[in-house]
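By convention here, the first residue in the shown sequence is residue 1. Because only heavy atoms are used, hydrogens play no part in the values below, and waters and symmetry mates are left out as well, while side chains stay in.
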Amino acid sequence: MAIANGFAYSLYNQPLFADMMVHIHYLGGVKQIHAHRAFLFKLSGLFRKWSLAPSKNPHENVFDIKNHNLAVVEKCLRYFYTDRYPVSLVTDTNGDKLVTHVLIHLWAEEYKVPRLQKASARAFRKDVSTCSLSEIQKFAALYQVLYEKNVDSNSPMGKAVAESLPRDKDNIPPAPVGCVIS
């Protein structure tokens, strides 16, 4: 299996055998990724639906992704090639990791990738256990403002967040001044 995963990973964003392009629209540009329909088809209900839909132009093999963070989308697309949850950067603080897990979960929910949704919730649980109280407080405040309305409380991430955050969400104490999550 290691050889297969290594080979699959080596195909990420390589034109060799690529049969489609993914265009990631982000602030100020579009990043083009060479992709392989079979990898995307295997794990994603949305890619499966797109692949099977009749095309107006049979030579049009471009899938557009909009309204998502470029780094998050790239991590998600790599998941299709490795079947391993994306690793965090060494420079990520624990709080940044929590936000990234939520963003990955939201992307996976939109693109119908249940295995990635579950993996993001598992990684969230693991990383929240290493967070300081100030990081959890900062994340809770950010989550309440930006993400809570978008995360289904019955989804794997919704349950993980509910288990991890203070019970009285409306009365979350402010984080210390020096605590920053970007």
How close do N69 and A71 get, counting heavy atoms only, and between which atoms? OD1-N, 2.9 Å
Could you tell me whether the side chain of K159 reaches within less than 4.5 Å of the side chain of R125, counting heavy atoms only? yes
Check whether any side-chain heavy atom of L43 lies under 4.5 Å from a side-chain heavy atom of D83, and answer yes or no. yes
F124 and F139 aromatic ring geometry - parallel, tilted or perpendicular at 30°/60° bounds: tilted
Any chance you could measure L98, atom CG, to K138, atom NZ, to the nearest 0.5 Å? 13.5 Å
How close do Q144 and E148 get, counting heavy atoms only, and between which atoms? CG-OE1, 3.6 Å
Checking side chain to side chain contact (heavy atoms under 4.5 Å, CB included) for the pair V113/W107: CA distance, chi angles, key distance, verdict? CA-CA 8 Å; V113 189; W107 188 91; 4.2 Å; yes
Could you list the donor-acceptor pairs under 3.5 angstrom formed between side-chain atoms of residues 19-31 and any protein atom two or more places apart in sequence or on another chain?
{"unit_1": "D19", "atom_1": "OD1", "unit_2": "R37", "atom_2": "N", "d": "2.8"}
{"unit_1": "H25", "atom_1": "NE2", "unit_2": "D64", "atom_2": "OD1", "d": "2.9"}
{"unit_1": "K31", "atom_1": "NZ", "unit_2": "E74", "atom_2": "OE2", "d": "2.6"}

Does any part of the side chain of Y143, heavy atoms only, come nearer than 4.5 Å to the side chain of V151, both counted from C-beta? yes
If you round to the nearest 0.5 Å, how far is NE2 of H34 from CG of L16? 11.0 Å
Is T82 reaching over with its side chain to a backbone N or O of R78, donor-acceptor style, under 3.5 angstrom? yes
Quick one, L40 with L77, criterion side chain to side chain contact (heavy atoms under 4.5 Å, CB included). Give me CA distance, side-chain angles, the key distance, then yes/no. CA-CA 8 Å; L40 305 180; L77 290 176; 4.2 Å; yes
My understanding is that only residues two or more places apart in sequence, or in another chain, count here; which of them pass ring pair (Phe, Tyr, Trp, His ring centres under 6.0 Å) with Y147? none
Measure up the Y111 and F63 rings against each other and bin them: parallel (under 30°), tilted (30 to 60°), perpendicular (over 60°). perpendicular
K126 vs R122, test: side chain to side chain contact (heavy atoms under 4.5 Å, CB included). Steps then yes/no. CA-CA 6 Å; K126 178 180 167 248; R122 278 192 306 273; over 6 Å; no
Tell me which one of F41, Y81, F17 satisfies ring-ring contact (aromatic ring centres under 6.0 Å, His included) with H36. Y81
Value rounded to 0.5 Å, distance of OG in S44 from NZ in K49: 11.0 Å
A side-chain contact here means heavy atoms from C-beta on lying under 4.5 Å apart; do I136 and S164 qualify? no
Look up atom CD1 in I104 and atom NZ in K75, then write down how far apart they are to the nearest 0.5 Å. 5.5 Å
Note: A160 and A121 closest approach over all heavy atoms is CB-O, 4.0 Å
Could you give the distance from CD1 (I33) to CG (L70), rounded to the nearest 0.5 Å? 7.5 Å
Just grab all the salt bridge (charged side-chain N to carboxylate O under 4.0 Å, His left out) pairs involving residues 98-114, residues at least two apart or on different chains. none
Mind checking the CG-OG spacing from D127 to S120? Nearest 0.5 Å is all I need. 11.5 Å
Heavy-atom side-chain proximity of T130 to E135 below 4.5 angstrom: no
